[in-house]
Amino acid sequence: MDFISDAIVNIGLWLERLLVSAGLAPQAAALVMTIVGTVVVAFFPLLIVVFLIWMYRKASARIGGRLGPNSSGTWAGPGGIVQPIADVIKMFTKEDIRPLGIDPVPYNLAPIIVVASAVMVWAVVPFGKGPRMIGADLGIGLFYIMAFSSASLVAFLMAGWSSNNKYSTVSAFRATAQLLGYEIPQLVAVLCVVVVAGSLRMSAIVDAQQDVILLIALPLPALIFLLASYAEIGSRPFELLECESELVAGYQTEYSGMRWGMFYVGEFMGAVAVSALFATVFLGGWRGPFVDSFPVLGTLWLVLKILFMLLVWTFFQMTLPRLRIDQMLAFNWKFLVPLSLVLLCVLAPLNHWLVRALPGSDYVWARTGILLAANVLVFLGTWAVVAIAERRRTVRPRQVEVSA
Amino acid sequence: MLGQFTFVGILLVVALLLSLFMVGAPWLLRPKRPNPRKSEPYECGLTPHGESWVQFKAQYYVFALVFVAFDVEAVFLLPWALAHNVMPFYAVLEGILFILLLFAALLYLWRKGGLEWM
């Protein structure tokens, strides 16, 4: 029973003991276990992506009033569950067309960077209780995630620029404007979390949510973070990098076969990474009922929270129309950036006062309530400012120009 | 600390190998029959005219300039947000002053029309 209650850690310990008893030096055994850990961490997002591709199709078909993959062509398993496998086989056997005049090095490197950077994020995500359930509990965990999640910008830029296709080049320019801009509200929303949780370490952020999840204390930073992250991975309301009706397929136009598949997988992996990050930072990560007596449940709770956030992502994807590029930039620079900065200016002194006036875990609900009230006040203030600005706005003739 | 970065380093190698495998393995399975028509850049069926690496007006270069200022700000704010609990209150206020200074820069740019679609 003890073995099962913390199964994943115990399997790891058992393997390590097996290696040592087989005659390996303890350091070498630890190194082998580290390598096994990296392989597990690298394949975990891939497994979720295979499931997500199916779930995304089912959910989007349900939202669109369609059937989805339940009998596409031939047998596809109960509810079309083996459809992603068929997709993988198709992708692996498809001809890889490389257009003339490309710049080969960035062209070939871009798909690799997309997937590799999405995998790297998982190094600091805690899958459960204790130091053995997290790849590397870095002291700069959140900063590390921000750094690696913005590596996709480089890949989009490389792919778009090197394709020798006008549409792809335009997409690369858009990627620069969009992904650079939305990085700021994302980072400032994370700073609000850092202010309240008091650490950049992922395990410490999860521990800070022992009694109350941070979503209740910080609903507004959570919303800003979610929107900015969706823009960072280029998903639907901010899908200007690859909008089919304007740019063919944007930066991925000239890719085919598995190279295109890498962008496809990378897009889903980005969504999974954002969901995992949101689940960890705002929804309490692996914390859930019975997790203290059965630590193995932590991974299950985390996966369930990730899947819930992926459903939210699908809902965003399927129901919101695409913004125009100037609307998208204005939404960022004139709304999200000022709002997130004001929020940080309000939350930092408030929390500074709260940890002195109401210290300890007895007052955690009081602190959460006051932070929530501050969030609501900032939200109402924003609402008022936007309403006043909307009333004052005079309709100017818009300059018509070919948009890039 | 070094042990943790060992994990990150090994994961980087594993991630790159995994991606390389995903890109490279189909080479064994896929057909390879290129022809000149197939390998033209796809520009909605029109014959591509010239290269795409031309100079054209990037309408949002100002945004990129603003971003540099704000990203540097974020780097300074990160340690401030981390340590604000152990610092005296005036240090928190100084951080806010710093944010407001950059906020003023944003407002200035806004009034100048730098955030408009040019």
Side-chain angles (χ1 to χ4, degrees), chain A residues 34-35 37-39 41-42 92-101 111-112 115-116 119-120 123 135-138 143 163-167 169 173 176-177 180-181 184 187-188 191 194-195 198 200 248 253-254 257-259 262 326 329-330 333-334 337-338 341 344-345 348-349 352 355 404, chain B residues 1 4-8 10-16 18-20 22-23 25-27 29-34 36 38-44 48 51-53 56-60 63-64 66-67 70-71 74 77-78 81-82 84-85 89 92-93 95-96 99-100 102-103 106 110 115 117:
Chain A
T34 311
I35 293 171
T38 54
V39 172
V41 165
F92 263 67
T93 52
K94 210 170 169 225
E95 185 178 0
D96 183 42
I97 304 166
R98 292 176 64 179
L100 294 168
I112 294 172
V115 170
V119 167
M120 286 306 286
D137 199 5
L138 300 180
F143 188 68
S163 290
N164 190 25
N165 183 317
K166 281 89 175 174
Y167 296 97
T169 312
F173 272 80
T176 316
L180 282 185
I184 294 165
L187 203 77
V188 178
L191 283 180
V194 173
V195 161
L200 283 169
V248 191
T253 308
E254 293 302 343
M258 196 55 207
R259 267 182 241 273
M262 294 292 276
D326 59 326
L329 289 173
W333 289 104
K334 296 181 181 174
V337 169
L341 286 176
L344 185 61
C345 286
H352 187 271
V355 292
Chain B
M1 201 61 191
Q4 291 172 347
F5 279 103
T6 319
F7 185 92
V8 175
I10 297 175
L11 183 64
L12 184 63
V13 174
V14 170
L16 286 176
L18 181 70
S19 319
L20 272 174
M22 281 165 73
V23 171
W27 182 80
L29 302 167
R30 68 191 174 210
K32 304 170 196 70
R33 279 189 291 275
K38 217 189 252 175
S39 25
E40 268 180 6
Y42 179 73
E43 296 185 350
C44 289
E51 282 191 328
S52 68
W53 300 312
F56 72 92
K57 189 185 167 206
Q59 273 124 326
Y60 22 76
F63 293 99
V66 189
F67 168 77
F70 272 90
D71 217 30
L77 284 179
L78 211 58
L82 201 56
H84 86 289
N85 274 343
F89 192 68
V92 178
L93 289 183
I96 290 172
I99 296 175
L100 289 180
L102 266 133
F103 209 84
L106 183 69
W110 197 335
L115 297 183
W117 186 248

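Throughout, a chain's letter reflects where its sequence line sits, starting with A, and its residues are numbered from 1.
Interface check for chain A: of the options B/Asp71, B/Leu16, B/Leu78, the most heavy-atom pairs under 4.5 Å are formed by B/Leu78. No other option in A/Gly198, A/Ala116, A/Ser163 has as many heavy-atom pairs under 4.5 Å with chain B as A/Ala116. If you tally non-hydrogen atom pairs under 4.5 Å between each of B/Val14, B/Asn85, B/Leu29 and chain A, the highest count goes to B/Asn85. Contacts with chain B were tallied for A/Pro99, A/Ala330, A/Gly181; A/Pro99 has the most, counting heavy-atom pairs under 4.5 Å. Chain B forms more heavy-atom pairs under 4.5 Å with one residue of A/Thr176, A/Val337, A/Val188, A/Asp137 than with any other, namely A/Asp137. Comparing A/Ile112, A/Val115, A/Leu344, A/Val39 by how many heavy-atom pairs each has under 4.5 Å with chain B, the most go to A/Ile112. In terms of heavy-atom pairs under 4.5 Å with chain A, the best-connected choice from B/Leu100, B/Leu20, B/Leu93, B/Ile99 is B/Ile99.
Across all non-hydrogen atoms, the minimal contact from A/Ala136 to B/Val8 is CB-CG2, 3.9 Å. For the residue pair B/Val66 and A/Trp333, the shortest heavy atom distance occurs at CG1-CZ3, 3.6 Å. When all heavy atoms of B/Trp110 and A/Pro338 are compared, the pair lying nearest together is CZ3-CG, 4.3 Å. The two residues B/Ala81 and A/Leu191 have their closest heavy-atom pair at CB-CD2, 3.8 Å.
Once rounded to the nearest 0.5 Å, the distance linking CG of A/Leu187 with CG of B/Leu77 reads 8.5 Å. For the atom pair CE of B/Met22 and CE of A/Met262, the computed distance is 4.5 Å after rounding to the nearest 0.5 Å. Atom CD1 of B/Ile10 is separated from atom CD1 of A/Ile35 by 5.0 Å, given to the nearest 0.5 angstrom. Separation of atoms CG (B/Leu106) and CG (A/Leu341) is listed at 8.0 Å; rounding is to 0.5 Å.
A/Lys334 touches chain B through backbone and side chain together, each having a heavy atom under 4.5 Å away. Contact of A/Leu200 with chain B is made through backbone and side chain together, with heavy-atom distances under 4.5 Å. Within the 4.5 angstrom heavy-atom criterion, atoms from both the backbone and the side chain of A/Ala348 approach chain B.
Inter-residue side-chain proximity for A/Arg259 and B/Val23 is flagged as met; some heavy-atom pair is nearer than 4.5 Å. In this structure, A/Phe143 and B/Leu82 have side chains that are not in contact, with every pair of non-hydrogen atoms separated by 4.5 Å or more. Two residues are said to be in side-chain contact when any heavy atoms from C-beta on lie closer than 4.5 Å; A/Asp96 and B/Trp27 fail this criterion.
Using cut-offs of 30° and 60° for the angle between ring planes, the A/His352 and B/Phe89 rings count as tilted.
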